[in-house]
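Single-structure report; data block below.
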Amino acid sequence: MGEDLLPKTYEPADIERQWYGHWEEKGLFRASDKRKGNEYSIVIPPPNVTGSLHMGHALNNTLQDILIRYHRMKGANTLWMPGMDHAGIATQNVVEKQLAEQGLRREDLGREKFIERVWEWKEESGGTIINQLKRLGCSCDWDRERFTMDEGLSQAVREVFVQLHEQGLVYKDDYIVNWCPRCHTALSDLEVEHEDSKGHLWLIRYPVEDSDEALVVATTRPETMLGDTAVAVNPEDERYRHLVGKTAILPLVNRRLRIIADPIVTKDFGTGALKVTPSHDLNDFELSIRHNLERVTIMDTNGRINENGIHFAGMDRYECRAAIVKELKKKKFLEGTDPYVVGLGRCYRCKDVVEPLISKQWFVRVKPLADEALAAVRDGRTKIIPDQWAKTYYEWMTNIRDWCISRQIWWGHRIPAWTCEKCGELVVSRKTPKKCPSCKDPALTQETDVLDTWFSSALWPFSTMGWPKETQLLKTFYPTSCLVTGFDILFFWVARMMMMGLRFGGDVPFREVYIHALVRDEHGKKMSKSVGNVIDPLVVMDQFGTDAFRFTLAALAAQGRDIRLSAKRIEGYRNFMNKIWNAARFALPHLVGQSGSLSPEDLDRLGLPERWILSRLNRTIEAVEQAILGYDFNEGAQALYRFTWHEFCDWYLEQAKIPLGGDDAETARRTRLVLKQVLDSLMRLLHPFIPFITEEIASKIPGCGDTIMKGPFPVHDASQVDPKAEQDMDTLIGIITSVRNIRAEMDLPPSKKLPVVVLPSTPHEHELVDSHQEIIVVLARVSELSLFDPGAKPKLPRMSAAAVVGEMRLFVPLEGVIDPEAEIARLEKELAKIDKDLTAAQKKLSDEHFMSKANPEAIQKQKDKFEEAQARSGGLGDSLKRMKKFRQN
RNA sequence: GGGCGGGUAGCUCAGCGGGAGAGCAUCGGCCUUACAAGCCGAGGGUCACAGGUUCAAAUCCUGUUCCGCCUACCA
């Protein structure tokens, strides 16, 4: 031991690598699947196999690791279940892009070869994020790592699908869905991002058959007119009532269109007449059901006009729009064009504009599931934190629509349904059926579609634990304790896990859901590659160390607000790590050989600073535990920062240099033991937030053992909270600060030691100062401390700077050293401040409404405030008078 | 259109019924033997605006306004 053991600045790289290796090697992340009754479990939000660690992951997993490490230290049987998501569309896109570089499309390989190729990619370069999570310090039970496409989870997926089908909650139907022409698949409503975009509203004249009249319709998508099969007006609309039932002629195409009336049409939008295109608009599709309209599909799955598009066939949708407008104009059907803001739907993966298209898809009837999930949050079986999100959850769950679960891609769980080629029977089965159960024919073809990725994610909390088998793990850890996630996937994932967990897991999937913020750049912008404002967590960890980064995230994670992250902020907390490091560098050499701990007799004999720091420590323990349990990570971080830096380092360590270097062996011994205890507890308190540096330091504390990650976590000891000691220490701090202030304001160099005269107002104050003279002398750099009896009226030097602490008066004789004008100015400034407090308190105390209605505590507070201000004002005012008198002479 | 969140020190944000706070930035002084990534001090805010409730409002209520997000089938 010695200073050579710890370098002057904290160098995280080696320490992080060594400790993580050590933890893993010793199997410290492993959970026991034997139920002990004190379980704590979290399932990780599985990152995409394609993913690389970004800020969202970093925040999400840091918070989970804090929770996990805390509960593990508290002695809970703790499971953090890790794994990855196969991310259907995203992963397929990655591999398709690689193929494209070789000039290939997935069709060139064929389904089987393509999927093989994806698996190959997954084995080689998928899941780099796992190592990045390790770098972050995540203490997941890696031996249990799962993948949404592994054998067990695939089985769970089939089981759930089949059971849903048996329960009549899965159906296949023709419906108009969101179609991505680029990804070539249907998307669920959630997978469409809405965005406002500048467009136009075109007014087109549709002549009425056998009449001079015409209906003018308004549309933002003129190209869809090729598929129009009706014109609709509001039944209440006087202007058009006489036309309902008649026929309009579709320009260019010359199709005959029924004129129908339906309340969905808004009278005062556009012209009040709506062109109806059942195959390419959701509303119109529903109109076609109500009015039994013909459907004409004019677009193919690539977004190009098909053979129904007369001479426009073969054109791209936007190309066609321009051509149609041109032709309408030429043939005088175009009545006008207005600029208009249109809501565009885009694919959440590739950002291409989605196209409403009719196709045969699989759906989950979610209403019954949603009702159960709704009830579980309403009655508190699952608690959403912060609770403002519960409202959003209710809202969505209440208005939920059926979930389109089929995707026309190859990478994913293939739908376990087969069609009999002979009799057309649809068979849904857990295992590949050998023959048709109806006609016994062996020729069965499986569905080519795969399931929405979120279908398997919805099962994650129980599928990862072995469901549908009734495993020990499931019995021990399901329902999980907590789910930590961002609000962006509240509907995608959380809501669906609730539904599936309740229906198939037999209980809610988690007791609590903590919804955290989004990480943005320092100006509040979303981080994105194209904007170039992305902060890479890996770069940050290289630059500042993992602990500094984790602490920053925790410190900024206030509930219900987005996080604006800047490098400056991380740098600040890097400095904090360094502060901790140096505090340890100072303390550790004093602890050599100190393997014992404080005896009850020692505790009885502790000096004021020792009682004070133990009191502050215990308050901090309480604050940190409360913060973690209430998901107020920022408050926990703040309490730790303040205690460590501004109490332990600034005051305790500074004053401890006196007894540690003093002659009194007994006092020095007790000081060392307190120092050890505080350092030890502090490392443990900090450990869930900053695991690496705390392990490194703790490992050098005598008797601290092999690791602190297994606990114990410090226990709050109310008997060590000592308000009296806190008050006395505050008085000493006040004296020291006052002297320092005088020195700074009077422009006196720190090297110049100053004489100080103290006039206590009570015997207690006298005793306090008397017995702690050395602390004042050293920390305030005092040359000579003169302490008078309470109430004494000593003859003071004519020229001195003054201060008041509590009711105690301080003087720093400065005759000949400073300009009296400077001191007068300083005193007047101080007095002005006090005067504000004084009059405020006075006003309240003389207000009879306040005195009669306010609660006694508030009144007492005002009285105390008034008295304190009065004492300070009196003392300083007195000094000011003397100074002015001195000036006159 | 509906919903939610927010406007507090130059910046980023805590506080959310009884003394306006932190970090960073700024200014002044210090290489005080753990730490200059540090130490000691200082300055800086009609808490968006307008009403209301209350003895008391940054904090609760109402309205206005400006930002952000979510959601939605006015083409």
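Numbers restart at 1 for each chain; the letters A, B, ... are given by sequence-line order, proteins then strands.
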- Any donor-acceptor N/O pair under 3.5 Å between B:A34 base and A:E654 side chain: yes
Please report the distance, rounded to the nearest Å, between [atom1] in [X] and [atom2] in [N].
X      : N     : atom1 : atom2 : value
A:M577 : B:G38 : CE    : C1'   : 16 Å
A:L553 : B:U12 : CG    : C1'   : 15 Å
A:N578 : B:G38 : CG    : P     : 7 Å
A:L565 : B:G23 : CG    : P     : 19 Å
A:D864 : B:G18 : CG    : C1'   : 14 Å
A:N399 : B:G1  : CG    : C1'   : 14 Å
A:R743 : B:G28 : CZ    : C1'   : 15 Å
A:I859 : B:G19 : CD1   : P     : 13 Å

- Query: If only side-chain N and O atoms of A:H849 are considered, is one of them under 4.0 Å from the OP1 or OP2 phosphate oxygen of B:G18?
  - Reply: no
- Message: Below the 4.0 Å mark, does B:G38 have OP1 or OP2 next to a side-chain nitrogen or oxygen of A:K8?
- Response: no
- Note on the structure: Taking for A:K861 and for A:R569 the nucleotide of RNA chain B with the nearest heavy atom, the one nearer the 5' end belongs to A:R569
- Message: Need to verify one output field. Residue with the more 5' nearest nucleotide on RNA chain B, A:A558 or A:Y641?
- Response: A:A558
Under-3.5 Å N/O pairs linking protein and nucleotides 71-74 of chain B:
from  : atom 1 : to     : atom 2 : distance (Å)
B:C73 : OP1    : A:R401 : NH1    : 2.6
B:C73 : O2'    : A:N283 : ND2    : 2.2
B:C73 : N1     : A:N283 : OD1    : 3.3
B:C73 : O2     : A:N283 : OD1    : 2.4
B:C73 : O2     : A:N283 : ND2    : 3.4
B:C74 : O2     : A:T266 : OG1    : 2.7

Atom pairs under 3.5 Å, N or O on each side, protein against nucleotides 3-10 of chain B: can you list them with distances?
from : atom 1 : to     : atom 2 : distance (Å)
B:C4 : OP1    : A:K391 : NZ     : 2.6
B:G6 : O3'    : A:R561 : NH2    : 2.7
B:G7 : OP1    : A:R561 : NH2    : 3.2

Are the side chain of [X] and the backbone of [Y] linked by a donor-acceptor contact shorter than 3.5 Å?
X      : Y      : value
A:R550 : A:F689 : yes
A:H280 : A:I298 : yes
A:Q559 : A:Y631 : yes
A:S873 : A:Q870 : no
A:T277 : A:S279 : no

- Below 4.0 angstrom, N of the basic side chain to O of the carboxylate: do A:E647 and A:R642 qualify? no
Which part of the nucleic acid, if any, lies within reach of [X] when heavy atoms closer than 4.0 Å are counted: base, sugar-phosphate only, or nothing?
X      : result
A:K579 : base
A:N855 : base
A:H280 : nothing
A:R221 : nothing
A:G199 : nothing
A:W645 : sugar-phosphate
A:V217 : nothing

Nearest-angstrom distance, [atom1] atom, [N] to [M]:
N     : M     : atom1 : result
B:A36 : B:C24 : P     : 16 Å
B:U53 : B:U62 : P     : 15 Å
B:U8  : B:U12 : C1'   : 12 Å
B:G6  : B:G15 : C1'   : 15 Å
B:A37 : B:G19 : C1'   : 34 Å
B:G21 : B:C31 : P     : 32 Å
B:C27 : B:U71 : P     : 46 Å
B:A48 : B:U65 : C1'   : 8 Å

So, do [X] and [Y] sit near enough that their side-chain heavy atoms are less than 4.5 Å apart?
X      : Y      : answer
A:M397 : A:Y393 : yes
A:H516 : A:L59  : yes
A:T644 : A:I580 : yes

- Message: Let's see if you can work this out: which of B:A25, B:U32, B:G18 has an atom nearest to the side-chain heavy atoms of A:K568?
- Response: B:A25
- Take atom CD in A:Q388; do more than 12 heavy atoms of anything else shown fall under 6.0 Å from it? yes
- Query: Using the ring of each side chain (for Trp, its six-membered ring), is A:Y641 parallel, tilted or perpendicular to A:F576, with breaks at 30° and 60°?
  - Reply: tilted
- Going by distance alone, is a donor N or O of one side chain under 3.5 Å from an acceptor N or O of the other, for A:Q860 and A:D864? yes
- Considering residues at least two apart in sequence or located in another chain, which fulfil the side-chain contact (heavy atoms from CB on, under 4.5 Å) criterion with A:H194? A:V192
- Take A:L679 and A:F586 through the side-chain contact (heavy atoms from CB on, under 4.5 Å) test and state the conclusion after the steps. CA-CA 11 Å; A:L679 187 68; A:F586 169 77; over 6 Å; no
Pairs: protein N or O with nucleotides 40-44 of chain B N or O, under 3.5 Å:
from  : atom 1 : to     : atom 2 : distance (Å)
B:C40 : O3'    : A:R740 : NH1    : 3.3
B:G41 : O3'    : A:N741 : ND2    : 3.3
B:A42 : OP1    : A:N741 : ND2    : 3.0

- Evaluate the side-chain hydrogen bond (donor to acceptor under 3.5 Å, both in side chains) criterion for residues A:D262 and A:N234: first the C-alpha distance (whole Å), next the side-chain angles of each, then the deciding distance (0.1 Å), finally the verdict. CA-CA 5 Å; A:D262 194 286; A:N234 190 289; over 6 Å; no
- Task: Decide yes or no on side-chain hydrogen bond (donor to acceptor under 3.5 Å, both in side chains) for A:Y10 and A:N582, but give the supporting numbers first.
- Result: CA-CA 8 Å; A:Y10 174 55; A:N582 279 295; over 6 Å; no
- Task: Taking Watson-Crick and G-U wobble pairs with both distances under 3.5 Å, convert RNA chain B into its dot-bracket string, 5' to 3', dots for unpaired and | for cross-strand pairs.
- Result: ((((((((.[[[[.)..(..]]]].(((((.......))))).....[[[[[..)....]]]]])))))))....
Identify every side-chain donor-acceptor pair in residues 736-745 of chain A under 3.5 Å, counting partners at least two apart or on other chains, and give the distances.
from   : atom 1 : to     : atom 2 : distance (Å)
A:T737 : OG1    : A:I733 : O      : 2.7
A:S738 : OG     : A:G734 : O      : 2.8
A:R740 : NE     : A:L779 : O      : 3.3
A:R740 : NH2    : A:L779 : O      : 3.3
A:R743 : NH1    : A:K752 : O      : 2.4
A:R743 : NH2    : A:A780 : O      : 2.5
A:R743 : NH2    : A:R781 : O      : 3.2
A:E745 : OE1    : A:K829 : NZ     : 3.1

